[in-house]
S.K.: 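The structure follows.
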2 protein chains.
Amino acid sequence: MEDPGTLTSRTRDALTAAQLYYLQDLTMEAIASELHTSRSSVSRLLSHARETGLVDIRVHSPFDIPRQLEDDIARLFGIVAHVVPVPDQTGDADRLERVAVSAARILGTFFDSNMSMGIAWGSTMSAISRHLVPKATQNSTIVQLNGAANPRTTGILYASEILERYGSAYGAHVQQFPVPAFFDDPETKAALWRERSIARLVAMQRELDIAVFGLGSPFAGVPSHVYIGGYLDAADFASLSESGVVGDVATVFYREDGSEDGVALNARSSGPGISVLRGIARRVCVVAGISKIPSLKGALAAGVVTDLIVDSATARRLVDETLAERAPAS
Amino acid sequence: MEDPGTLTSRTRDALTAAQLYYLQDLTMEAIASELHTSRSSVSRLLSHARETGLVDIRVHSPFDIPRQLEDDIARLFGIVAHVVPVPDQTGDADRLERVAVSAARILGTFFDSNMSMGIAWGSTMSAISRHLVPKATQNSTIVQLNGAANPRTTGILYASEILERYGSAYGAHVQQFPVPAFFDDPETKAALWRERSIARLVAMQRELDIAVFGLGSPFAGVPSHVYIGGYLDAADFASLSESGVVGDVATVFYREDGSEDGVALNARSSGPGISVLRGIARRVCVVAGISKIPSLKGALAAGVVTDLIVDSATARRLVDETLAERAPAS
DNA sequence: AAGTCGGTTGCACAAACGTGCAAAGGAATG
DNA sequence: CATTCCTTTGCACGTTTGTGCAACCGACTT
């Protein structure tokens, strides 16, 4: 795909160009003449430098201006929040896109050599995967958190495409999880979990340094991938509704208060249990759009989130609603 | 100087603007409408954000492309080098300017809360001071390394201006060193060094975490500040020339082999001795222009440098000459 | 109230930049 | 050697961005 010789010389140029442009504020014209090429090539070199993570731009607020919403969330839920500013009237698609761009950057700062990261799939994870900033790591692994096959399609292409993008962005090994999202019979799951190949993977999931996931919200305006991809049938939906489920993390369902006891579907789900998730040091949850608020509240109540990346409108709504609930009359 | 109220709101806007611009690649036009202001204001907000260090851009080469010259220098001298790319035909003034810009950035990554940094003065230190990227630190101090008064002027304005810029960039306390650069009588120096106020400062110099300095080169094409500012008379110059001096660090002179024994002027200099310098963990030397090569070689031989920031032409020349000297015939 | 001064705003223009496109390599294949 | 296919290059154009300038704003003085 990439000729290493060309790559090196190209990258070397990109590196100098980036130094001259970002560190010394030269114009591209000036850089072009130093590099004996055209200005447009320099423009392209710089894009290349940005895309491949040669240039690392970060914006950090000085201590004296803590970000209001992030602070509120930290206080209310005891987690670290990254609020992505998005204008309120933005459509859900754009909103997700912009949160995904930021999430992708932030993930780059979380992940490093000798680490393993578990990832779910779904529209959020997919959106992020398209914006990951490459970063060279050694001895690192990306592990799929839950199966993706379903009665209609294998779903494997979809899930493995996401997985693959994470893997190649970080130069990490990838571990697919070749099982259905939901089993028809819980016994099959139990049996499969005893298979050494699968058991190995499940064991890896318990050793992860980071988990990254979006949230599913079954009954909200914008249904998530799981709920429209043919993974669940009418009976399943009825059962979810009956149990009072408000959302899912990696195809594990929970109620608004964070509980999951008695949710029948979870016994058949390939996702890691909520208790397994809670054993992972850093659990990054990415959420865009207020339609996911109920699901988000449930996830927070369940304690599966340590780091939340969310758009400003949703963050504000979350804080407002929570404050209102906790102090019913003022 | 700055109204805190305005500052906060302005900085808050700058912060969002920077997020939207650098982290989400929106155009300034788009940001302007989100912030309900004009596009040009956004442009200015972003400048503000960059100047005040809200945005932090760094360029780092991937492992597989080590930078040739930096590696060579590391191998030859056992120090960390930062080579600033500058086209070869650049004039000395521009060269210094560009090295200074990079040096200023790099210093920002070295210095932090609870640290103390010693700084010399001179054209290099002055150039750097004009490009420092602000960074909030607590409980940190900037200490002047050597006196600046001379028979003609107090020199204090010049030196304290530099000192002040470092201090305010990092929000650090500044410690002036109110003594002449050179004493007429070594006895006066000794006496003054016994004064508690001065002794306190000299003691602080021994506790520094970082020292930053340029190099003086007395007999090269472009003489440094010390040599034209009226600090030295004809007899002094003669004495330096006789002793075989090739340069100075913070008004402490040395020979090409790094030795300083018997250099009469050093007994009268207010600068910290070479042995004091060597007691500081990180000694950052900033050099621009090949005319400083002899002086640079001496400083390296003297072992006063742990981190070198230098332009590419000078770095190349340094490496070439050193290789030639060490392997006289091949 | 008129005046003055430092600082901010938007406009307008020029400079700098991104990108579609056609042409030019350049490697593999027939 | 011709052909094909893919990548890279520079040009040209439209877009995006920086900045001098005049107008404006608020605060404080006379």
S.K.: Looking at B:R98 and A:E34, is there a salt bridge between them, counting it only when a charged N and a carboxylate O are closer than 4.0 Å?
M.R.: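 A salt bridge links A:E34 with B:R98.
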
S.K.: Tell me which nucleotide among C:dG18, D:dG18, C:dA16 gets nearest to the side chain of A:T27.
M.R.: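 Nearest nucleotide to the side chain: C:dA16.
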
S.K.: Taking only the side-chain heavy atoms of B:S41 (C-beta and beyond), determine which of D:dT9, C:dT9, D:dA12 contains the nearest atom.
M.R.: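 Nearest to the side chain of B:S41 among the choices is C:dT9.
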
S.K.: Look at the side chain of B:R44 against the base of C:dG10 and say whether a donor-acceptor pair falls under 3.5 Å; ignore hydrogens and angles.
M.R.: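 Such a pair exists between side chain and base.
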
S.K.: Tell me whether the count of non-hydrogen atoms from other residues, nucleotides or ligands lying under 6.0 Å of NE2 in A:H60 goes above 12.
M.R.: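 Result for NE2/A:H60: enclosed.
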
S.K.: Provide, to the nearest angstrom, the distance between the CG atom belonging to B:L26 and the C1' atom belonging to D:dT17.
M.R.: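 It works out to 15 Å between those atoms.
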
S.K.: Before giving the answer on side chain to side chain contact (heavy atoms under 4.5 Å, CB included), spell out for B:F213 and B:V286 the whole-Å C-alpha distance, their side-chain angles and the decisive distance to 0.1 Å.
M.R.: CA-CA 6 Å; B:F213 47 83; B:V286 183; over 6 Å; no

S.K.: In whole angstrom, what separates A:R39's CZ from D:dG10's P?
M.R.: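 Taking CZ of A:R39 and P of D:dG10, I get 12 Å after rounding.
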
S.K.: Assess whether a salt bridge exists between A:R75 and A:D72, defined as any Lys/Arg side-chain N lying under 4.0 Å from an Asp/Glu carboxylate O.
M.R.: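 Looking at A:D72 together with A:R75, the answer is yes, because their closest N to O distance falls below 4.0 Å.
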
S.K.: So, does B:Y21 get its side chain near the phosphate of D:dT17, meaning an N or O under 4.0 Å from OP1 or OP2?
M.R.: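 Answer is yes, contact under 4.0 Å.
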
S.K.: Using a cut-off of strictly less than 4.0 Å, decide whether A:S40 has a side-chain nitrogen or oxygen near OP1 or OP2 of C:dG18.
M.R.: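 No.
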
S.K.: Send over the distance from A:I31 CD1 to C:dC17 P, rounded to a whole Å.
M.R.: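 From A:I31 CD1 to C:dC17 P: 8 Å.
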
S.K.: In whole angstrom, give the distance that lies between atom CG of B:L45 and atom P of C:dG7.
M.R.: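 Computing the B:L45:CG to C:dG7:P distance gives 17 Å.
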
S.K.: Just the rounded figure in Å: distance from C1' of D:dT16 to OH of B:Y22.
M.R.: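 Going from B:Y22 (OH) to D:dT16 (C1'), I get 13 Å.
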
S.K.: Provide, to the nearest angstrom, the distance between the NE2 atom belonging to B:H48 and the C1' atom belonging to D:dG18.
M.R.: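 My rounded result for the distance is 17 Å.
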
S.K.: Is a side-chain donor or acceptor of B:T109 paired with a backbone partner of B:I106 at a separation under 3.5 angstrom?
M.R.: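 A pair under 3.5 Å: yes.
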
S.K.: Without decimals, in angstroms, what is the distance between A:R10 CZ and D:dT9 P?
M.R.: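 Whole-Å distance recorded here is 7 Å.
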
S.K.: Counting side-chain heavy atoms from CB outward, which of C:dC17, C:dG10, D:dG10 is closest to A:S38?
M.R.: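 My answer, after comparing the listed nucleotides, is D:dG10.
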
S.K.: At under 4.0 Å, does any side-chain N or O of A:S43 touch on OP1 or OP2 of C:dG18?
M.R.: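 Yes, because at least one side-chain N or O of A:S43 sits under 4.0 Å from OP1 or OP2 of C:dG18.
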
S.K.: Counting side-chain heavy atoms from CB outward, which of C:dG10, C:dA16, D:dG10 is closest to A:T37?
M.R.: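 Shortest atom-to-atom distance from the side chain points to D:dG10.
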
S.K.: In whole angstroms, how far is the P atom of C:dA14 from the CD atom of A:E29?
M.R.: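 Computing the A:E29:CD to C:dA14:P distance gives 18 Å.
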
